[in-house]
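Model, not experiment: these values are computed from the prediction.
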Amino acid sequence: MRWIVASAWPYINAVPHLGTLIQVLSSDVYARYRRKKGDSVIFVSGSDEHGTPIEIEAIKRGVSPRELTDRMHSYVSDLFRRFGISYDNYTRTESQTHIRFVQDFYLKVYENGHIFEKETEQLYCPNDKMFLPDRFVVGTCPYCGYERAHGDQCDRCGRLLNPTDLINPRCAICGAEPVLKRTKHWFFDLPKFSEDLRRYIEENEQLPDNARSMSLSMIEDGLKPRSITRDNRWGIPAPFPGAEGKTIYVWMEAVLGYVSAVKEYFERMGRPEEFERFWRDPETKSIYFIGKDNIPFHTLIFPALLMSSEEGYVLPYNVASTEFLLYEGEKFSKRERRGIWLDEALALLPADYWRFYMVYIRPETKDANFSWDDMAAKVNDELNDTLGNLVHRVLSFIKSRYGGRVPSGKLDEESRQMLEEARKIASGIEEDLERVRLKDALKGLLEMARLGNRFFNSREPWRDIKENRARANSTVLASYNLLRAMACYMHIFMPFSAEKLWRMMGLPGEPSPLPEAFDLITGTELGDVEPLFHKVDKEELKKRLREIRERGEVLSARE
RNA sequence: AGCGGGGUGGGGCAGCCUGGUAGCCCGCCGGGCUCAUAACCCGGAGGUCGGUGGUUCAAAUCCACCCCCCGCUACCA
């Protein structure tokens with residue numbers, strides 16, 4: 001089976017925080033699972049680097065947008081690599097392949113008659129010489145009198161606004177008074193696809209309920225044409241006749257990155273024809289990991305765009321969306337330095353600790369909360385004590401009582417039953433992964449560890465070793481093989497630790513594919529054994545985080 | 001305001017779609033073990049499932065209304 005696995009493209013005007021990691025990590029777990037099942041997987045994402053906020057950030061720093069995004073792209077790529085994200089291609093919207101692809105794509109859609117132009121009036125800053133997105137106009141709220149209301153919404157009274165409603169409107173960048181100016185834009189005729197979209201959503205029952213209900217109700221309410229051009233300078237030039245000086249709206253081009261990134265990957269591999277095999281084979285399945293705010297883009301706009309190109313691209317098979325992540329009960333806020341940014345996270349703890357905890361609290365049904373108390377509790381009590389300690393007690397037992405060599409011989413009935421039980425838990429893990437219930441899947445791994453602890457306790461091999469060697473052998477052999485299976489599943493969630501465990505167990509290469517996870521191994525010579533995890537001290541971590549910020553040790557701390 | 005999600009023992013969550021007297025992890029209390037990172041295992045106390053009303057032999061689970069929290073509302077990305 002062929003799979004395209006993707007995560008939403010992070011907008012790289014700043015270093016991403018832990019909330020962004022949720023999607024990236026979820027998609028990685030899923031991609032790793034599919035590969036370990038033996039599927040053919042291409043896993044892509046990239047930096048979303050066009051648009052007004054980046055242009056402004058660049059002005060603020062006195063560099064060109066391209067210089068800024070060059071730097072950020074390589075910084076962010078490296079962070080993802082260090083988090084163990086196994087992208088086949090993490091690219092960027094400035095990639096030549098992407099730019100050309102987007103232009104060709106929209107020209108095709110244009111020729112197919114799904115794009116029309118329309119004149120509108122918009123606020124323009126004569127000083128910065130640019131049209132201002134609603135968000136970039138500030139002024140006094142006509143309802144509550146709040147003086148720092150934004151053009152789209154008043155942050156104090158919450159009312160939705162039009163930028164022209166504001167009293168005394170100002171450009172958010174320079175403070176000058178904007179003027180109304182006529183401008184022409186190109187629109188995608190989304191409503192035309194309403195019926196096809198409805199059918200698509202209704203027929204794809206694997207789409208999650210939240211995505212389905214939200215999408216169908218939007219169709220019910222009536223879709224509107226979506227503008228695909230902007231008056232930005234920093235972006236992909238719109239290819240339409242008469243659209244000189246216009247660029248493609250970032251959202252409308254970034255979603256096409258899912259296609260162009262695969263194309264780029266295979267071109268680089270020297271097998272361009274594989275691209276067609278992935279994207280045009282109706283059997284190929286694609287899955288997108290996103291936050292719930294992106295649902296309409298992935299269940300409505302993106303599929304409609306793919307339909308409108310008439311190129312036979314496969315529509316999204318699944319859209320795995322999550323709720324939001326809060327930090328100590330509040331929203332992440334860069335301005336108030338509330339949250340944890342990815343480079344800080346890696347300076348605090350190894351990637352696997354974050355991978356473990358982030359999947360553990362993945363906001364699958366409701367907003368989740370990051371708290372230091374909870375994080376320390378989960379890492380210490382579950383990852384370290386339950387899982388880490390099982391590994392250590394079994395391996396060090398083999399070291400001290402068996403000279404580091406796993407016994408060979410036969411498993412007795414009780415040992416076989418234990419492994420049978422583990423196999424059941426493992427198939428539960430796979431079921432959960434199939435249904436993209438990553439949280440439960442991870443808990444299955446802990447359940448295996450509990451099973452192992454229970455087994456080891458009740459069998460008391462430290463007693464048998466003196467009186468009943470054969471029974472002790474069976475206990476140890478079964479426990480060792482349980483660890484081996486666990487390493488295979490752990491590899492999906494915590495790749496670094498799983499590989500380390502594999503080495504400590506004296507096994508060659510990487511943890512095996514899932515179908516081989518329970519093949520019985522005997523007689524192995526262990527490698528060096530040391531604790532797989534250690535406990536964390538939340539006060540220490542918080543102190544360390546303050547230090548990192550005070551000293552500006554990482555980029556996000558200096559931004 | 002509209003739309004979507006949530007409100008379950010001290011904390012964190014599952015169950016609700018496919019109704020049958022509540023499950024998991026942590027914490028707490030008591031016990032066991034000593035191979036292990038003061039780790040592990042066993043037992044126990046503790047909730048009537050936001051509120052009200054309804055459907056039903058039976059509701060956390062279905063329906064209605066209400067209260068509270070969060071997110072989105074399509075030119076922020």
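- In this structure, the nucleotide among B:C75, B:G27, B:A77 sitting nearest to the side chain of A:S227 is B:C75.
- On the P atoms, B:G6 is 12 Å away from B:G50, given to the nearest whole Å.
- Using atom P as the reference point in both B:C42 and B:G27, the two lie 14 Å apart (nearest Å).
- Position along RNA chain B of the nearest nucleotide to A:F136 versus A:K331 favours A:K331 as the more 5'-ward residue.
- Here B:U37 is the nucleotide among B:U37, B:C25, B:C35 with the atom lying nearest to any side-chain atom of A:H392.
- No donor-acceptor pair closer than 3.5 Å links the side chain of A:R437 to the backbone N or O of A:D432.
- Nearest nucleotide to the side chain of A:E460, out of B:A77, B:C75, B:C33: B:C33.
- Ring centroid separation for the pair A:F187 and A:F116 comes in under the 6.0 Å cut-off.
- Taking only distance into account, the side chain of A:Q122 meets the base of B:C75 through a donor-acceptor pair shorter than 3.5 Å.
- Within the shown strands, B:C28 is the pairing partner of B:G44 under the Watson-Crick or G-U definition, both distances less than 3.5 Å.
- For A:K224, the NZ atom is loosely surrounded, since the number of other residues' heavy atoms within 6.0 Å does not exceed 12.
- Shown here, B:U56 forms no base pair; nothing in the strands shown gives a Watson-Crick or G-U wobble contact with both key distances under 3.5 Å.
- Atom CG of A:D385 and atom P of B:C40 are 5 Å apart (whole Å).
- Looking at the side chain of A:V250, the nearest of the listed nucleotides B:A77, B:U37, B:C41 is B:A77.
- Here the separation of B:A14 from B:G7, taken at their P atoms, is 8 Å to the nearest Å.
- Between A:K443 and A:R463, the residue anchored closer to the 5' end of RNA chain B is A:K443, taking for each the nucleotide with the nearest heavy atom.
- For A:S396, counting side-chain heavy atoms from C-beta on, the closest listed nucleotide (B:A36, B:A39, B:G12) is B:A36.
- With centres under 5.5 Å and a plane angle under 30° as the test, the ring of A:F397 is not stacked against the base of B:C35.
- Between A:R459 atom CZ and B:C40 atom C1' there is a gap of 17 Å when expressed in whole angstrom units.
- A:R450 has a carboxylate O that lies under 4.0 Å from a charged side-chain N of A:E382, or vice versa, which qualifies the two as a salt bridge.
- A close approach under 4.0 Å does not occur between any side-chain nitrogen or oxygen of A:Y249 and OP1 or OP2 of B:C76.
- Across B:G51 and B:C24, the matching C1' atoms stand 27 Å from one another, rounded to whole Å.
- Taking atom C1' in both B:C65 and B:C75, the straight-line distance is 39 Å, to the nearest Å.
- Ion pairing of A:E364 with A:R362 is present here, as a side-chain N (NZ or NE/NH1/NH2) and a carboxylate O approach within less than 4.0 Å.
- For A:N384 against B:U37, a side-chain-to-base donor-acceptor contact under 3.5 Å is present.
- Scanning atom types as modelled, one donor and one acceptor separated by under 3.5 angstrom connect the side chain of A:N389 and the base of B:A36.
- Rounded to the nearest Å, the gap between the C1' atom of B:A60 and that of B:G47 is 11 Å.
- Closest approach to the A:D374 side chain among B:G12, B:C35, B:C42 is made by B:G12 (side chain taken as heavy atoms from C-beta onward).
- Rounded to whole Å, the P atom of B:C49 lies 42 Å from the corresponding atom of B:C33.
- Ion pair A:D464/A:R469 not flagged as a salt bridge, since none of the NZ, NE, NH1 or NH2 atoms sits closer than 4.0 Å to an Asp/Glu carboxylate oxygen.
- Nucleotide B:G4 has B:C70 as its partner under the Watson-Crick or G-U criteria, with both atom distances under 3.5 Å.
- Between A:L326 atom CG and B:C70 atom C1' there is a gap of 8 Å when expressed in whole angstrom units.
- Side-chain nitrogen and oxygen atoms of A:K399 include none within less than 4.0 Å of the OP1 or OP2 phosphate oxygen of B:A36.
- Separating the P atom of B:C63 from that of B:C17 is a span of 9 Å, rounded to the nearest Å.
- Under a cut-off of 6.0 angstrom, the local environment of CD in A:E328 is crowded, with over 12 non-hydrogen atoms contributed by other residues, nucleotides or ligands.
- Judged by distance alone with a 3.5 Å cut-off, no donor-acceptor contact links the side chain of A:N453 to the base of B:C41.
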